[in-house]
Every structure is written in structure tokens, then in C-alpha cells.
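Below is one structure, written out as C-alpha cells; comments come after it.
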2 protein chains.
Amino acid sequence: MSEPVPVLLTVDLVVLSVRADDLQVLLVRRGIEPYADAWALPGGFVLDGEDLPDAAARELAEETGFDRARVHVEQLATYGAATRDPRGRVVTVAHLALVSDPGEPRGGSDAAEAAWVPVREVPGRELAFDHERILADGIERARAKLEYSALGAALLGSPFTVAELRRVYEIVWGESLDPRNFHRKVTGVAGFLEPTGETRTERGRPAALFTAGPAGVLHPPITRQR
Amino acid sequence: MSEPVPVLLTVDLVVLSVRADDLQVLLVRRGIEPYADAWALPGGFVLDGEDLPDAAARELAEETGFDRARVHVEQLATYGAATRDPRGRVVTVAHLALVSDPGEPRGGSDAAEAAWVPVREVPGRELAFDHERILADGIERARAKLEYSALGAALLGSPFTVAELRRVYEIVWGESLDPRNFHRKVTGVAGFLEPTGETRTERGRPAALFTAGPAGVLHPPITRQR
DNA sequence: CGGAGTAATCGTCAAGTTGACGACAATCAC
DNA sequence: GTGATTGTCGTCAACTTGACGATTACTCCG
């Protein structure tokens with residue numbers, strides 16, 4: 001019959017950001033066994049009495065200094081293969097965090113070292129545990145949600161221009177988008193972009209500035225190629 | 001510092017089916033404390049050495065007799081509020097299962113009683129733990145995934161007619177769909193429906209029979225009203 | 001057998017959306 | 001000023017959607 005088996009519970013974070021014209025993920029170098037010196041997703045044990053969203057927000061704050069108000073964090077999936085951690089039964093609830101470019105990461109308490117790594121360079125490095133799979137799932141979730149949600153803005157500081165938003169889509173999806181059609185699309189969906197009335201000039205004609213609007217979902221969605 | 005806290009791990013199942021022209025969920029009456037005699041989602045503890053998908057499939061088989069080959073099961077989300085179970089720290093990994101009408105449920109081992117309940121009648125019954133929230137999340141997931149995935153077929157026996165599939169959409173979404181446009185849409189998306197060449201007659205003109213095609217995602221999606 | 005009833009399927013048309021791309025606007029560097 | 005650069009607006013054909021008429025192929029009943 002069902003015997004309850006105690007497990008250890010962790011939260012791991014797929015922290016994505018668009019930096020240096022690239023989709024990057026925050027990795028930490030593990031200081032302790034198992035997988036000492038290997039790169040891994042930031043994360044840690046869920047503390048006594050702590051809810052999962054709290055644990056994820058706490059780990060994110062420890063690693064990046066971001067507080068939960070400024071970033072998007074959502075639960076991704078839970079990974080519980082019996083053999084995923086050699087120490088025993090450790091189950092992790094992975095979360096996806098999208099942050100705007102935070103500059104250099106703060107060294108966290110558990111982490112010997114933290115670094116932003118372009119996601120396309122990750123397959124070269126061996127990540128600890130099943131973190132490569134978790135990362136792949138997180139990236140796919142982010143790509144998919146850009147289509148129908150207002151998450152692109154979470155990867156940008158506020159306010160932002162339509163061109164900056166388009167660049168986020170292009171970088172995350174890895175395909176180029178027509179500036180005119182993208183502009184028509186995002187400005188045409190009610191509640192998606194909130195015009196500030198301000199403009200910002202960098203090169204060329206000044207661009208209007210927007211903040212994320214109240215619409216959580218985009219209907220109809222912005223479609224990527226198949 | 002982070003002290004690992006052992007937790008007990010369960011899997012709970014939101015088992016949905018379209019029966020008697022209604023979206024129904026499989027509930028069990030709890031035989032033991034806490035929440036003895038209350039209705040709850042079927043589920044149970046993850047066993048030693050058991051992976052999460054295996055645990056979910058095992059629980060599903062125990063409650064419904066369905067084997068995993070014939071149903072769609074996917075991980076839904078993980079619920080871990082510290083106070084969700086009065087016995088202590090119990091974290092549950094909820095799964096969504098979509099099954100074709102299985103007739104009456106088998107009484108499971110843990111469950112004193114099992115019953116199919118129309119989802120719209122659930123708010124009247126107090127479900128154990130946070131199961132009401134889990135159920136709501138499962139229903140919303142099912143509704144959303146019908147739009148862009150081939151999951152509708154998982155709620156039907158095989159083969160099925162276009163009208164049966166449309167009825168599934170109407171029941172799950174709670175809105176009526178134009179038969180002609182629906183037919184055009186689903187037969188027009190490549191790889192979605194596989195014609196068997198057979199027909200079935202009930203009333204009126206015989207309907208062509210289909211099986212689910214190889215396409216996992218529908219592009220463009222079938223949209224429901226907003 | 002000949003309707004009447006019922007449901008499946010095909011067609012049509014206007015309205016809306018998309019993709020491709022031309023044109024113009026508003027800035028900066030010189 | 002001129003040219004380079006980028007943002008924004010417009011246009012047009014191709015496609016998709018929503019509404020709905022028409023036809024087809026059965027069963028049932030007299």
C-alpha cells in the first residue's frame with residue numbers, strides 16, 4: 001500500500017533576460033557536491049513554512065537582487081525522477097522568471113559564482129542534475145507565451161519603444177519581424193500598450209514610449225513562423 | 001540558512017470527461033481524516049522510487065481502470081502552501097487527465113466511493129484541501145488547450161465524427177459553434193484529422209469517421225469567444 | 001414507394017487580418 | 001543644407017473568419 005515517502009523540496013529558477021542583443025540565462029557555479037564546480041540553475045531548498053511562490057521569490061532576490069514586484073515569475077513544472085539527485089529523493093519545482101537586463105548578477109549566498117550565459121551557448125556546458133531539460137522547457141515556455149501574452153514587456157525596462165519590444169521578440173524567437181507590421185499589430189491590440197505621450201530619440205526619428213497595458217492576453221496572438 | 005525540510009509528496013488528478021452531454025470530473029469520497037467523508041480529487045502518495053508520471057498513471061489506473069496508453073495525462077501544477085494539509089507539509093503535484101467516457105468508475109482502493117460529477121455542480125460541494133482551486137486550474141487548462149492542440153480527440157473514443165468533436169468543444173467551452181465553419185476548420189488543418197474512409201449513421205446523413213491525426217498543435221488555432 | 005425529418009457537407013460572400021513593401025516623418029552628424 | 005537612420009502611416013493582394021444558404025444522404029413513417 002501507499003507508504004508516504006518523505007522527499008526534499010527545492011525550487012529552481014530559469015531566469016531569462018535579453019542582454020547584449022541575446023537571450024541569456026542566469027547560471028551559478030555550484031560550490032558543493034554533488035556536481036561541485038558544475039554550472040546549474042539558481043535555486044535552493046524550500047524553507048519551513050514557506051509557500052512555493054515565496055521560495056521562488058526569495059531565491060530570485062538572493063541571486064539577482066530583483067524583488068518580485070519588478071519581475072514576472074511563474075511556476076514552470078515539477079521534476080521528480082527518483083534518480084535525478086544522487087543524494088536521494090529531491091524534487092524540484094522549477095519556475096520561470098523574466099527580468100529586464102539587471103547588469104551584472106550579485107554573487108548569491110550558496111553560489112560560488114553567478115553568470116549570465118547566452119542560451120545558445122549552454123549546450124556546450126554540462127549543467128548539473130536535469131537542469132538542461134528544465135532550461136529547455138523554460139525557454140520553450142517563454143517563446144510560446146510571447147505569442148499570446150504581454151510578457152515581452154517583462155523583459156524590458158519601463159517605458160520602452162515598439163522597436164525595443166520587437167527586438168525582444170526577434171531575439172527570443174530567433175527570427176526577424178517586419179517593423180511596420182509589428183508596429184501595426186502591437187499598437188492595434190487594445191490594452192496591450194499604454195502610450196505615455198513621451199518620446200525617446202536614439203538614432204533617427206524619435207520613438208514613442210509605452211508601458212505595458214492592462215491586457216494580460218493578446219487576442220489575436222502575434223504568430224511566429226512554424 | 002536553508003535547512004532542507006522533508007515534505008510528503010502526493011499526486012492529485014483532475015480527471016475530466018464528457019459524459020451525458022456534460023463536462024464531468026471524477027471525484028472520490030475520502031475515507032479517512034482529514035476531510036473524512038468530503039469529496040476530493042483522486043490521488044495519493046508518490047511511492048518510493050516512483051517518478052511523477054508513473055505515480056499519476058498508477059493512480060489513474062486505480063481509480064478508473066484506464067491505462068496510460070488510452071488517455072492524455074499531463075502535469076498541471078504543483079501546490080505547496082504550508083497550511084494546505086493539516087497533517088503537516090504535504091505538497092501535491094496535480095495532473096490533468098482527459099479520458100473518453102468510461103462508464104461508471106471502479107471503486108478505488110483508497111476511495112470509499114467514486115463518482116462523476118458535472119463540473120458546474122461542484123461549487124456546491126466543498127472539496128477537500130485546495131482541490132477546488134486545483135480543479136478550476138485544470139478546467140481552465142483544458143479549455144485553453146482545446147484551442148491550439150489536438151486534445152479534443154482525447155475526450156472521445158476513436159473513431160469519431162466531426163459533429164462529436166464539435167460537441168466536445170461546445171460542452172467544454174460552454175458556447176455553441178457553427179457546424180459548417182467548424183467542419184471547414186478542422187478538416188482544413190493539415191494533420192489534425194485522419195479520415196478513416198468509414199462512415200457512421202445515426203440520424204440524417206451519414207458522417208465520415210476520423211481518428212486523431214499526427215499534428216500535435218493546431219495552427220492556426222480554433223478560437224473561442226472572448 | 002414517397003415524402004418529411006434530420007444531420008452532414010459544400011458553397012458563397014462580406015468583413016477582417018496578415019504579409020510584403022512603398023512612402024513619408026523626424027531626428028542626428030556633418 | 002544633405003545624407004543617413006529609424007519610426008510611423010498607407011496600400012494592396014492573399015488569406016481567414018463568421019454568417020448563412022443550398023445540397024446531399026440517410027431514416028422513419030405512412
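As the structure is a computational prediction, the values presented were derived from the model and not from experiment. In what follows, chains carry the letters A, B, and so on, assigned in the order in which the sequence lines appear, proteins first and then strands, with residues in each chain numbered from 1.
With rounding to the nearest 0.5 angstrom, the CZ atom of A:F210 is 10.0 Å from the CD atom of A:E194. Atom CG of A:L155 sits about 7.0 Å away from atom CG of A:L146, to the nearest 0.5 Å.
Sequence neighbours left out, the pairs with a member in residues 171-201 of chain A that pass ring-ring contact (aromatic ring centres under 6.0 Å, His included) are A:Y169-A:W173, A:Y169-A:F182.
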Legend entry - Worked verdict on A:D12 versus A:Y79 for side-chain hydrogen bond (donor to acceptor under 3.5 Å, both in side chains): CA-CA 10 Å; A:D12 285 319; A:Y79 300 81; over 6 Å; no
Inset, instruction - May I have the step-by-step check of side-chain contact (heavy atoms from CB on, under 4.5 Å) for B:V119 and B:L16, ending in yes or no? - result: CA-CA 9 Å; B:V119 296; B:L16 298 179; 4.2 Å; yes
Inset, instruction - Decide side-chain contact (heavy atoms from CB on, under 4.5 Å) for A:L41 and A:L13; before the verdict, give the C-alpha distance in whole Å, the side-chain angles of both, and the deciding distance to 0.1 Å. - result: CA-CA 6 Å; A:L41 298 175; A:L13 289 163; 5.9 Å; no
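Atom CZ of A:F182 is separated from atom C1' of D:dT6 by 16 Å (rounded to the nearest Å). In this entry the distance linking NE2 of A:H219 with C1' of D:dT16 reads 13 Å, nearest Å. Atom CG in A:D178 sits about 14 Å away from atom P in D:dT8, given to the nearest Å. Atom-to-atom, CG of B:L218 to C1' of D:dT16 comes out at 14 Å; the value is rounded to the nearest Å.
Ion pairing of A:E170 with A:R167 is present here, as a side-chain N (NZ or NE/NH1/NH2) and a carboxylate O approach within less than 4.0 Å.
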Inset, instruction - If a protein heavy atom is under 4.0 Å from the base, mark B; if only from the sugar-phosphate, S; if neither, -; do that for nucleotides 3-12 of chain C going 5' to 3'. - result: ---BBBBBBB
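Between B:V15 and B:P42, some side-chain heavy-atom pair lies under the 4.5 Å cut-off.
Contacts between residues 190-197 of chain A and DNA chain C, defined by a heavy-atom separation under 4.0 Å, are absent.
OP1 or OP2 of C:dT17 has not a single side-chain nitrogen or oxygen of A:K185 nearer than 4.0 Å.
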